[in-house]
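Computed from a predicted structure; not experimentally measured.
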Amino acid sequence: MGLVPWYDGRDGMYGWIWRHLPGNTWVKALISLALVVAVVYVLFQYVFPWAEPLLPFNDVTVDNQ
Amino acid sequence: MRVIVRTVSELCITVGSVIVLFVVYVLFWTGVQADDVMDDQIQLLQEQWAKSSVPPTAAGSSTGNTASPPKPAPYAKGKPFAIMYIPRLGFTWNKPVLEGTATGTLKKGLGHYAETAQLGQKGNFAVAGHRRTYGDPFKDFPQLRRGDAVVLTDGTTWFTYRIDKGPYKTVPSDIEVIDPVPRTSGYTRSGRYLTLTTCEPEWGHSHRLIVWAHLDSTQPVEAGKPEALRR
């Protein structure tokens, strides 16, 4: 178990991650939660602030500077 | 085959979640952040003003007086220098005004077009602000009407501008609207004007909404809040 890469496994990327987390179900759930929080943090802190100016809500000036 | 279907479905779930999170970020989180940052900017200003508090000179009430206030020092790029109040947008509506209209500057408050006149000076004091996202400062921009007050303070003087021409819709390349004497506003002579710009439609960027105002009165801060801000 867990030795097959995620694209060969029976239950996909998320299943692969789940099988590679250590500990029992509770520990796995806790680590998963931490991972989700970390991903959301990175998105909100770095990815979205970069992507948001590409949307039209920032164009409020008349000289486009 | 199963691998493809599974990979595609996992990708869809992932992308979908990211999109939902992004919408939450744009609609909600930028507002939370902006409120925080704008409060910080206003606090920064008030601390600055408290430090350099001018000893109250013979505070002869000069209400209704449009005499030129002393020319302020050049504004520092990206730094706040004034607070704007517009009673029509809400009695508690007040936003910091920062120098420059860079994207990062407009996240922290309203942005003063760097090449336009300074507050209260001859020419056109032009300010841009977000209609939506980043605290929605100009969300109710279309409600502005002729005669509405736009009050600003730079720590020493209250400036009361009165709106002359209500929301005027134009295209983004119409830079004449922030000219010292904006032609479309109906002003013909040079004077002390104020221009506000934001985007139109609310969530789009195809047009701009403009209002113009003229300087109606000034008074030193020691003389208390101007008429327009008294309840």
Side-chain angles (χ1 to χ4, degrees), chain A, chain B residues 2-7 9-11 13-14 17-18 21-22 24-26 29-30 33 100-104 106-107 110-111 113-115 126-134 136-138 170-178 195-210:
Chain A
M1 73 163 212
L3 293 173
V4 273
W6 66 270
Y7 49 83
D8 276 346
R10 273 165 295 126
D11 29 40
M13 172 179 65
Y14 292 117
W16 183 84
I17 293 174
W18 180 260
R19 276 183 281 109
H20 277 71
L21 291 174
N24 61 25
T25 309
W26 285 107
V27 176
K28 284 181 181 214
L30 220 71
I31 298 173
S32 312
L33 202 71
L35 279 176
V36 169
V37 169
V39 168
V40 170
Y41 176 81
V42 168
L43 284 175
F44 270 55
Q45 201 64 28
Y46 302 103
V47 181
F48 292 162
W50 162 82
E52 196 270 344
L54 307 175
L55 292 176
F57 316 133
N58 283 288
D59 302 335
V60 294
T61 61
V62 285
D63 51 3
N64 266 324
Q65 284 180 349
Chain B
R2 250 200 22 221
V3 174
I4 294 172
V5 170
R6 193 180 56 216
T7 308
S9 51
E10 282 197 337
L11 259 173
I13 291 170
T14 310
S17 313
V18 169
L21 280 173
F22 188 53
V24 170
Y25 172 83
V26 169
W29 192 245
T30 59
Q33 276 185 321
T101 49
T103 309
L106 287 167
K107 288 181 182 181
L110 308 173
Y113 289 84
E115 69 282 14
V127 173
H130 275 288
R131 178 91 174 269
R132 279 298 194 166
T133 71
Y134 292 102
D136 305 340
F138 280 157
T170 187
V171 290
S173 57
D174 187 10
I175 59 168
E176 281 180 5
V177 298
I178 59 168
T195 305
L196 303 178
T197 72
T198 194
C199 67
E200 164 78 9
E202 218 167 329
W203 294 102
H205 65 154
S206 59
H207 289 78
R208 299 288 181 272
L209 274 191
I210 317 290

Whether B:F22 and A:F48 hold their rings parallel, tilted or perpendicular, with breakpoints at 30° and 60°
tilted
From the list B:D174, B:I210, B:T101, side-chain contact (heavy atoms from CB on, under 4.5 Å) partner of A:V62 resolves to B:I210
Distance, nearest 0.5 Å, that separates OH of B:Y134 from CD of A:E52:
3.5 Å
CD1 of B:I4: more than 12 outside heavy atoms within 6.0 angstrom?
no
Go through the atoms of B:W29 and report whether side chain, backbone, both or neither lie under 4.5 Å from a heavy atom of chain A.
side chain
For chain A, which candidate among B:V24, B:T133, B:L106 shows the most heavy-atom pairs at distances under 4.5 Å?
B:T133
Quick one: do B:H205 and A:L55 satisfy side chain to side chain contact (heavy atoms under 4.5 Å, CB included)? Show the steps, please.
CA-CA 9 Å; B:H205 65 154; A:L55 292 176; over 6 Å; no
Taking every heavy-atom pair that is under 4.5 Å apart, which of B:Q33, B:E200, B:R132, B:H130 has the most such pairs with chain A?
B:H130
Max heavy-atom pairs within cutoff under 4.5 Å with chain B, candidates A:P53, A:A51, A:P49, goes to A:P49
Under 3.5 Å donor-acceptor, B:T197 side chain and A:V60 backbone
yes
Please identify, among B:V171, B:T30, B:V127, B:T14, the residue contributing the most non-hydrogen atom pairs under 4.5 Å to chain A.
B:T14
With a 4.5 angstrom heavy-atom cut-off, could you sort out which part of B:I178 is near chain A: side chain, backbone, both or neither?
side chain
Closest non-hydrogen atom pair between A:M13 and B:E10, with its separation:
N-OE1, 2.7 Å
